[in-house]
Amino acid sequence: MTALTLGLIAALCWGFHDICVRFVSQSVPLLASLLVVLFVGLLFHLGLMVALDGFRPLPGPALGLSVISGGFFLMASLGLYGAFQRGPVRLVAPIIASFPILSVGWAAVTGTPVHPLQWLAVLAIVVGVSVVAALARDDAGVDPPKARTIAYATIAALGFAGTFAFGQWAAVLSSDLPVTLVTRLVAITLLLALMAWQGLPFWPGARAIPVLTLMGVADGVALYCVFSAGELPNPQYAAVAASTFGLLTIVLAWAILREPMRIIQWIGCALAFGGIGYLAL
């Protein structure tokens, strides 16, 4: 399986996850929801490690990189949940979807050659996602002040870029399964400390648990896919393909929630997947 394919699987999982975030965050304590999602993702990952006999000791450098990745993962999650809670999707998704530029830029800085046409393909993906998201309708009708929403979305984009860069780097030095485990444990520990310091509730309510459980499994699959790409050629393409989650969120909303899609949005879809197709060559 290629890094690009793993990234597309991650995008589908995060697209479903983000549809749920958009609605759950309106009625359930935000950080309590995130805590359940991260914990379910941890349980899913532990089950995966047991099934695949994936428990391996991490060497010092890989452990350090995994810890840094965990901090970035919490940063990304907090930014994403905060941004989607405020909305609208048409503003939030393009900003978060810009993180592949940072991921590919990091690959270039660390010595991976990136052809100009590959940069063009990355740009096509980002533009395609942005077109789809920018024209998405927001049912609320009234948008909150944009400055804080943009800040949250930017934090999420930086967080995802850092998560994938350090996580994949650690996976190259060791193994993706223990790296992902440490990343999740660090994110959960930091989140618990933050919630305790703020005096926030830890329980989101029984009615939200089924949806949050599905979100946690989807998040677990997605993060594992992107990290496991670290051992494959062109691992940065997993992050590029995963960035289409914003596009898939809106397409899934069209398919499941019957939200309308305009012709120009379908053109944006074609542009994004054309860029992915080029990277797959």
Side-chain angles (χ1 to χ4, degrees), residues 10 13-14 16-18 20-21 24-25 28-52 54-58 62-85 96 152 155-171 174-206 208-228 230 242 245:
C13 291
W14 272 322
F16 165 78
H17 171 275
D18 292 345
C20 297
V21 170
V24 169
S25 64
V28 178
L30 191 66
L31 294 191
S33 299
L34 176 58
L35 180 62
V36 172
V37 169
L38 291 179
F39 185 72
V40 171
L42 175 63
L43 293 179
F44 169 83
H45 191 73
L46 285 171
L48 195 62
M49 293 182 73
V50 170
L52 299 177
F55 291 93
R56 301 284 188 277
L58 286 175
L63 178 61
L65 292 170
S66 301
V67 170
I68 296 173
S69 177
F72 273 109
F73 185 47
L74 179 61
M75 171 181 165
S77 299
L78 291 173
L80 184 142
Y81 274 59
F84 273 109
Q85 181 188 42
I96 299 177
Y152 282 141
I155 288 170
L158 294 172
F160 278 122
T163 300
F164 300 154
F166 286 100
Q168 290 182 341
W169 189 0
S174 179
S175 176
D176 51 83
L177 286 170
V179 165
T180 309
L181 177 64
V182 172
T183 297
R184 286 196 169 279
L185 287 172
V186 169
I188 290 172
T189 301
L190 293 176
L191 180 59
L192 285 170
L194 175 63
M195 294 174 69
W197 178 52
Q198 294 287 337
L200 298 174
F202 294 94
W203 180 245
I209 293 299
V211 174
L212 294 175
T213 298
L214 291 175
M215 291 167 61
V217 172
D219 182 60
V221 172
L223 190 64
Y224 170 69
C225 284
V226 177
F227 277 17
S228 62
F245 74 87

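Values below: every heavy atom of this structure, side chains too, minus hydrogens, waters and symmetry copies.
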_Phe16 vs Val221, side-chain contact (heavy atoms from CB on, under 4.5 Å): CA-CA, chis, key distance, verdict_ = CA-CA 12 Å; Phe16 165 78; Val221 172; over 6 Å; no

*Sub-6.0 Å ring centroid separation between Trp169 and Phe227*: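 They do not qualify: ring centres at least 6.0 Å apart.
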
Side chains of [X] and [Y]: closer than 4.5 Å at any heavy-atom pair?
| X | Y | value |
| --- | --- | --- |
| Leu31 | Phe202 | no |
| Leu223 | Thr163 | yes |
| Leu42 | Leu185 | yes |
| Leu194 | Leu78 | yes |
| Leu181 | Leu177 | no |
| Leu38 | Asp219 | yes |
| Trp203 | Ile209 | yes |
| His17 | Leu80 | yes |

Closest heavy-atom contact between [X] and [Y]?
| X | Y | value |
| --- | --- | --- |
| Ala242 | Ala10 | CB-CB, 4.2 Å |
| Leu58 | Ser66 | CD1-OG, 4.0 Å |
| Ala32 | Pro201 | CB-O, 3.5 Å |
| Pro204 | Leu212 | CG-CD1, 3.7 Å |
| Cys20 | Met215 | CB-SD, 3.3 Å |
| Leu190 | Gly71 | CD1-CA, 4.0 Å |

*To the nearest 0.5 Å, tell me how far Phe39 CZ sits from Leu43 CG.*
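Answer for the CZ-CG pair, Phe39 versus Leu43, is 4.5 Å.
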
*Once you round to the nearest 0.5 Å, how far does OG1 of Thr183 lie from CZ of Phe164?*
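Output value for this atom pair is 10.5 Å.
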
Hey, is the main chain of [Y] close enough, under 3.5 Å, to the side chain of [X] for a donor-acceptor pair?
| X | Y | result |
| --- | --- | --- |
| His45 | Tyr224 | no |
| Ser174 | Ala170 | no |
| Ser228 | Cys225 | yes |
| Ser69 | Leu65 | no |

*In sequence, state the C-alpha distance, the side-chain angles, and the governing distance for Arg184 and Phe73, and then conclude on side-chain contact (heavy atoms from CB on, under 4.5 Å).*
CA-CA 8 Å; Arg184 286 196 169 279; Phe73 185 47; 4.0 Å; yes

